[in-house]
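Chain letters run A, B, ... following the sequence lines, proteins first and then strands; every chain starts at 1.
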Number of protein chains: 2
Amino acid sequence: MPQPNPYAAKCPTRLVLDRIADKWTVLLMGLLDRGPVRFNQLRRQVEGLSQKVLSQTLRKMERDGLVTRTAYPTVPVTVEYSLTPLGRTLARTLAPLRTWAESHIEEVLCSQRAYDVSLV
Amino acid sequence: MPQPNPYAAKCPTRLVLDRIADKWTVLLMGLLDRGPVRFNQLRRQVEGLSQKVLSQTLRKMERDGLVTRTAYPTVPVTVEYSLTPLGRTLARTLAPLRTWAESHIEEVLCSQRAYDVSLV
DNA sequence: CAGTATCCTTTATGATACTG
DNA sequence: CAGTATCATAAAGGATACTG
């Protein structure tokens with residue numbers, strides 16, 4: 001690749017951005033960064049995330065080389081997801097985003113209220 | 001707010017994450033971080049971003065207190081968007097994401113190819 | 001230039017049922 | 001437990017036309 005440029009429509013970095021700039025991915029990476037987690041653990045820990053969407057999201061993350069899926073032949077089957085080394089580098093990049101959301105939430109809410117009032 | 005927790009469905013930080021974990025926002029913040037930009041400049045610089053979606057995205061960013069919109073009474077009208085101080089803190093948080101996409105794109109593409117082949 | 005409004009199509013998500 | 005498959009619906013996005 002000569003010059004990665006996410007502002008160009010066909011640049012693959014655009015595809016990656018598309019993938020990682022996703023609410024569920026950000027949340028899931030945060031949980032996975034703590035260690036291996038099972039499917040239903042993730043499901044329970046992220047409120048509002050349906051089984052279907054969790055499954056889809058994990059599949060994409062696996063395809064992108066961010067997580068590995070390990071199935072243990074127990075009965076019933078146990079499946080563990082964990083970050084790859086690549087995934088860990090991304091997790092560390094995404095962590096500040098959750099932190100930002102937490103520490104600036106008040107300012108954002110305040111701004112939203114002011115904006116909404118000004119429209120009346 | 002007692003304990004911001006984006007993993008809870010009703011936590012406002014979830015709303016913020018939702019908002020900022022968006023491809024266009026990430027790209028726009030990157031451009032705006034360089035200085036004030038006009039509407040059509042943004043439109044031209046971000047390939048694939050339609051006027052409608054750009055407009056919607058800027059409106060949301062304005063509502064969240066990330067950008068300010070300034071209209072100059074020229075003919076025809078000139079409108080400049082620039083980051084607020086709050087927006088600048090977010091821009092700095094998002095920058096590593098674009099960098100990550102650029103520097104790890106090869107690994108991701110490679111992983112995708114391997115994944116897709118393994119499915120055949 | 002910088003939008004808004006409308007219509008219409010494409011995607012994404014939700015609910016439900018089923019399986020190794 | 002950890003999924004997939006299917007159908008229905010809701011949400012997002014594109015195309016086009018129009019305005020101060």
Quick check: does any side chain N or O of [X] sit under 3.5 Å from a backbone N or O of [Y], one acting as donor and the other as acceptor?
X: A:Asn40; Y: A:Arg43; result: no
X: B:Thr78; Y: B:Tyr72; result: no
X: B:Tyr7; Y: A:Leu27; result: yes
X: B:Ser103; Y: B:Thr99; result: yes
X: A:Thr84; Y: A:Leu66; result: yes

Of the listed nucleotides ([options]), which one gets closest to any side-chain atom of [X]?
X: B:Asn40; options: D:dG3, C:dC1, C:dT4; value: C:dC1
X: A:Arg69; options: C:dC1, C:dT4, D:dA2; value: D:dA2
X: B:Lys52; options: D:dG20, C:dG3, D:dA15; value: D:dA15
X: B:Ser50; options: C:dG14, D:dC1, D:dG14; value: D:dG14
X: A:Gln51; options: C:dG3, C:dC1, D:dT4; value: D:dT4
X: B:Val53; options: D:dC1, D:dG13, C:dA2; value: D:dG13

*Less than 4.0 Å between a side-chain N and a carboxylate O, is that true for A:Asp33 and A:Arg88?*
no
*asked:* Do the side chains of B:Arg63 and A:Asp116 get close enough for a salt bridge, i.e. N-O under 4.0 angstrom?
replied: yes
Expressed in angstrom and rounded to an integer, what is the separation of [X] atom [atom1] from [N] atom [atom2]?
X: B:Glu80; N: C:dG3; atom1: CD; atom2: P; answer: 12 Å
X: A:Tyr81; N: D:dC1; atom1: OH; atom2: P; answer: 14 Å
X: A:Arg19; N: C:dT11; atom1: CZ; atom2: P; answer: 16 Å
X: B:Leu119; N: D:dT4; atom1: CG; atom2: P; answer: 11 Å
X: A:Arg59; N: C:dT13; atom1: CZ; atom2: C1'; answer: 17 Å
X: A:Phe39; N: C:dG20; atom1: CZ; atom2: P; answer: 18 Å
X: A:Leu42; N: D:dG3; atom1: CG; atom2: C1'; answer: 14 Å
X: A:Asp22; N: C:dT11; atom1: CG; atom2: P; answer: 17 Å

*Linking I/L/V/M/F/W/Y whenever their side-chain heavy atoms sit closer than 4.5 Å, directly or via other members, would B:Ile105 and A:Leu15 fall into one cluster?*
no
*Whenever both distances are under 3.5 Å in a Watson-Crick or G-U wobble pair, mark it; put DNA chain D into dot-bracket that way, with [ ] for crossing pairs and | when the partner is on another strand.*
||||||||||||||||||||
_A:Pro76 or B:Leu58, whichever maps to the more 5' nucleotide of DNA chain C_ = B:Leu58
Classify [X] by what it touches in the nucleic acid, base, sugar-phosphate, or nothing, heavy-atom distance under 4.0 Å.
X: B:Arg38; result: sugar-phosphate
X: A:Tyr72; result: nothing
X: B:Val79; result: sugar-phosphate

_With a 4.0 Å cutoff (strictly under), does any side-chain N or O of A:Ser55 reach OP1 or OP2 of D:dT4?_
yes
_5' precedence on DNA chain D between A:Gln41 and B:Trp24 (nearest-nucleotide basis)_ = A:Gln41
